[in-house]
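Structure first, commentary second.
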Amino acid sequence: MLDSIADGILMLDKDGHMIYCNPMVTQITGYEEHELLNQSFSKLNDEVADAIKTEYALNMAFRTGRFAAEGWKSHKAQGRFWGQAILAPVFDDAQQFQGYSCVLRDNNEKKKEEISLRHSEERYRLMVEGVKDYSIFLLDTEGHIVTWNDGGKYIQGYSASEITGKHFSIFYTSDDLASKKPEMELRIARQTGMYQEEGWRVKKNGSVFWASIVLTALYNEHNVLIGFSKVTRDLSERQKNAESLRESEERYRSIVEQVSDYGIFMMDEKGRIVSWNEGAKRIKGYDAKEIIGKYFSIFYQEEDILNGKPAYELTVARAVGKYEEEGWRLRKDGERFWANIVITAIYNTSRNLIGFSKVTRDLTERKKTEQALKESYQSSRQLAEELTATNAELSAANQELEQFTSIVSHDLQEPVRTLKSFLQLMNMKLDQGQFQDLKTYLEKSIHAANRMKGLITNLLDYSQISKNELVKENIKITELIDYTLQNLKASIDASKAEITVAIDPATQCIDADRIQLVQLLQNLLSNALKYTDDKVPQITIRCKAENGYVKFQVTDNGIGIDHNDLNKVFDVFRRLHTVKDYPGTGMGLAIAKKVVERHQGRIWLESEPGKGTTFYFTIRES
C-alpha cells in the first residue's frame with residue numbers, strides 16, 4: 001500500500017536515520033533506495049548535512065505530534081527542488097517511541113505559481129507601503145466611492161460595506177457642503193490633474209480631524225477620465241504619536257540596558273528596521289546607518305523568504321502578541337548562525353499597533369557544543385558496541401586457544417612418549433648385550449619422529465593461515481577445481497575414483513585467495529578419497545551462488561560419520577579413527593575451517609554412518 005501512494009513515504013529511526021522509503025521518494029529526490037537507507041534525514045536538505053536543522057525539526061515533531069516544513073530539498077541529478085516534509089512521531093502498541101514517519105512532497109510547480117502571484121501582489125504592496133498612515137480609495141467620475149482600504153476604516157471609521165457607493169462629500173463639514181467644496185475639488189482635479197490641501201474632515205461618529213488630502217484624476221489609455229484616487233492622512237494624532245514614540249523609545253532603552261549578549265532593535269508595523277543596538281551590530285555585523293530602513297527579511301535565507309516566513313512571523317506576533325522560535329539567520333557577510341528569536345508586537349496608549357521589537361540571541365556555539373556532545377555520545381556508543389564485539393571475539397579466541405593448547409599438548413606428547421619408550425628399550429638391550437629387535441625399535445622410533453615432524457608441519461600450516469594476509473584474486477571456479485584434481489591425480493588414479501563436477505552457469509568466478517582455496521578443496525577431497533572402506537570413491541563437487549555467497553558442496557560415498565561426532569571433526573588433531581586404519585594427523589578439517597572463516601564464510605557437514613558424507617562451505621562473493 002505504501003509503495004503505491006503518490007506521496008513520498010519515509011520511516012526514520014529514533015536518531016533520524018532513514019530505514020524505509022517507498023518508490024515515490026526515488027522519483028521525487030532522484031536517490032535510489034540504497035543511497036538513502038541508514039543515512040541521516042539531513043541528506044535530503046539542500047544544505048549539506050544540516051544536522052542542527054534536522055534535529056530541531058525532529059524535536060518539534062516529537063513535542064507537538066506533527067511538524068511540517070517547506071523549503072529547498074536535495075535532488076541527486078537536478079540539484080534541488082521545493083518540497084514539503086511532514087514529520088510525525090511513531091509509537092508502538094505499548095506507546096513506546098519507535099521513530100518518525102515522514103511524508104515528502106514535491107511542491108515545485110505550486111511554489112512557482114505562488115511566487116508569481118506574490119510578485120503580482122508585491123507591486124500593489126509596494127504602492128501601499130510607499131505611504132504611511134493613509135486612507136487610500138477610488139472614486140468614480142461623479143465622486144462616489146468604489147474601493148475602500150483598511151486605512152480608510154481606521155481613519156474615518158467606516159467599513160467597506162458601509163461606505164462603498166456613498167458620495168465622498170460625506171466626509172465634509174456642513175460649511176464645506178454649503179460652499180460646494182467637494183464639487184470644487186473634483187473640478188480642479190479634473191482640470192489640473194490633482195487637488196491637494198489640509199483641512200477639517202468628519203469621521204463616522206461625527207468627530208472632526210485635521211487631514212492631509214490628495215485628490216488625483218485617473219485617465220485610461222484613451223485619455224478618458226475614469227475616476228479619482230483619494231489619499232487621506234489623519235494629522236491630528238501627529239503630536240500624540242510623537243509622544244508615544246518617545247515613551248516607546250524610553251521603554252526600549254530600559255530593556256537594552258538590562259540585558260547583554262542580545263541583539264535588540266525596533267521595527268515599524270511593516271517590518272522595516274527603525275533602531276539598532278550594539279548587540280545587534282555584534283551579532284549581525286551591520287552598522288546602524290547600513291540597516292535602518294531595511295526590511296528585516298534581510299536576515300533570512302532564500303527559502304524562508306520564498307516561503308513567506310518574515311511576513312508570517314509578524315502576523316503571528318500581531319495576532320497573539322509574540323512570536324518565538326529557533327532557526328537559521330544570516331549575518332552581513334552571508335554566514336549563517338543559529339538564533340533564538342522573539343518578536344513582540346508594540347502598541348501605543350490607544351492600543352494601536354506602532355511596530356515590533358525583536359530580540360535575537362546567537363546560539364551557534366551552544367548548538368555546536370550540543371551537537372559535539374551528541375556525536376561524542378554516538379561515537380562512544382559505537383565504540384562500546386565494537387568493544388563488546390571484540391571482547392566476544394577475544395573470549396571465543398581464548399576458549400579456542402585453551403582447547404587448541406589442550407589437544408596439541410596431548411597429540412604432540414604421544415609420539416614423544418613412543419620415541420622415548422623405544423629409546424629406553426634400546427638402551428636396556430644394549431646394557432644387557434642383546435641386539436635382537438634393535439632394528440625394529442629403531443624403525444618404530446623413526447616412525448614416531450616422522451609423526452612428530454608431520455604434526456609440527458601441520459601445526460605450522462594451521463598457524464600460517466591466520467598469520468598471512470589474504471591475497472584475493474578473481475579465480476575461475478573450473479580452473480580452481482581442475483588444479484585441485486591435478487594435485488590429487490595420483491590418489492584419484494590409484495583409487496579409480498569417479499568424480500563429477502556440477503557448476504551453476506551463473507557462478508563462474510570467485511574473489512578468493514587461490515592457494516588457501518586449493519588447500520581447502522584438496523583437504524576435503526583427500527578425506528573423500530581416504531575414508532571409503534574399500535569402495536570405489538564416488539565424489540560429486542557442486543557450486544552455485546546463494547544469498548551473496550558462493551556455496552560449495554563435496555559429497556562422497558564413504559564410511560560416513562556418527563551424528564555425535566559431527567561437531568568434533570573440525571578440532572585440531574581430532575581423529576575419529578586410528579592411524580593404522582586411516583593414516584593422517586587430524587589437521588585437514590581444522591585447516592579447512594580456518595580457511596573458510598578467513599573468507600567470511602562457514603563450513604558444515606551432513607553424514608550418516610555407511611552412507612557417505614557431504615561437506616558444505618560458503619565464500620563471500622566479494
- Task: Begin from the C-alpha positions of D106 and W82 and carry the test side-chain contact (heavy atoms from CB on, under 4.5 Å) through to its verdict.
- Result: CA-CA 6 Å; D106 184 350; W82 189 266; 5.7 Å; no

- Q84 and K73: side-chain contact (heavy atoms from CB on, under 4.5 Å), yes or no, with the steps? CA-CA 8 Å; Q84 180 188 49; K73 302 297 180 185; over 6 Å; no

- Verdict with reasoning, K367 to E326, per salt bridge (charged side-chain N to carboxylate O under 4.0 Å, His left out): CA-CA 11 Å; K367 283 295 180 181; E326 289 184 10; 3.6 Å; yes

- Show your reasoning for whether side-chain contact (heavy atoms from CB on, under 4.5 Å) applies to D15 and Q378. CA-CA 10 Å; D15 295 323; Q378 295 289 358; 3.6 Å; yes

- Task: Take L44 and T29, measure what side-chain contact (heavy atoms from CB on, under 4.5 Å) needs, and give me the verdict at the end.
- Result: CA-CA 8 Å; L44 295 182; T29 67; 4.0 Å; yes

- Query: Can D513 and K472 be said to form a salt bridge (charged side-chain N to carboxylate O under 4.0 Å, His left out), step by step?
  - Reply: CA-CA 4 Å; D513 187 304; K472 286 191 174 183; over 6 Å; no

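The local environment of NZ in K535 is crowded, with over 12 non-hydrogen atoms from other residues, nucleotides or ligands closer than 6.0 Å. Counting non-hydrogen atoms of neighbouring residues, nucleotides and ligands closer than 6.0 angstrom, the CZ atom of R80 exceeds 12 such neighbours.
Here CD of Q553 is found 10.5 Å from CD1 of I541. Values are rounded to the nearest 0.5 Å. Here CG of D556 is found 10.0 Å from CG of L524. Values are rounded to the nearest 0.5 Å. Note that the CD atom of Q522 and the CG atom of N527 stand 11.5 Å from one another [nearest 0.5 Å]. Distance OG1/T613 to CG/L605: 6.5 Å, rounded to 0.5 Å.
Looking only at distances, a side-chain donor or acceptor of T507 sits under 3.5 Å from a matching main-chain atom of A545. In this structure, T618 contributes its side chain and G601 its backbone to no donor-acceptor pair below 3.5 Å. A donor-acceptor pair under 3.5 Å is absent between the side-chain atoms of D504 and the main chain of C543, judged by distance alone. Although no hydrogens or angles enter the test, the distance criterion places a donor-acceptor pair under 3.5 Å between the side chain of S607 and the main chain of G612. Under a 3.5 Å cut-off, the side chain of T484 and the backbone N or O of L480 do form a donor-acceptor pair. Under a 3.5 Å cut-off, the side chain of E303 and the backbone N or O of W72 do form a donor-acceptor pair. Of the possible donor and acceptor atoms, one in the side chain of D13 sits under 3.5 Å from a partner among the backbone N and O of G16.
Checked for salt-bridge contact, E546 and R542 miss the test: no charged N lies under 4.0 Å from a carboxylate O. Salt bridge status for K309 with E302: absent, with no side-chain N to carboxylate O gap under 4.0 Å. A salt bridge links K111 to E114: at least one charged side-chain nitrogen sits closer than 4.0 Å to a carboxylate oxygen.
The salt bridge (Lys or Arg N to Asp or Glu O under 4.0 Å) test with E370 singles out one residue from R366, K374, K368, and that residue is R366. Each of R329, R331, R336 was evaluated against D362; a single residue qualifies, R331, per the salt bridge (Lys or Arg N to Asp or Glu O under 4.0 Å) test.
With sequence neighbours left out, W338 forms a ring-ring contact (aromatic ring centres under 6.0 Å, His included) with Y56, W328. Not counting sequence neighbours, Y377 has no partner by the ring-ring contact (aromatic ring centres under 6.0 Å, His included) test.
Side-chain polar atoms of Y31 and Q39 form no donor-acceptor pair below 3.5 angstrom. Looking at N474 and D511, their side chains do bring a donor and an acceptor atom within 3.5 Å of each other. Judged purely by distance below 3.5 Å, without hydrogens or angles, the side chains of N45 and T54 pair a donor atom with an acceptor atom.
Classified by interplanar angle (parallel below 30°, tilted 30° to 60°, perpendicular above 60°), the ring pair F62/Y100 is perpendicular.
I492 has its side chain within reach of I499: a pair of non-hydrogen atoms, C-beta onward, lies under 4.5 Å apart.
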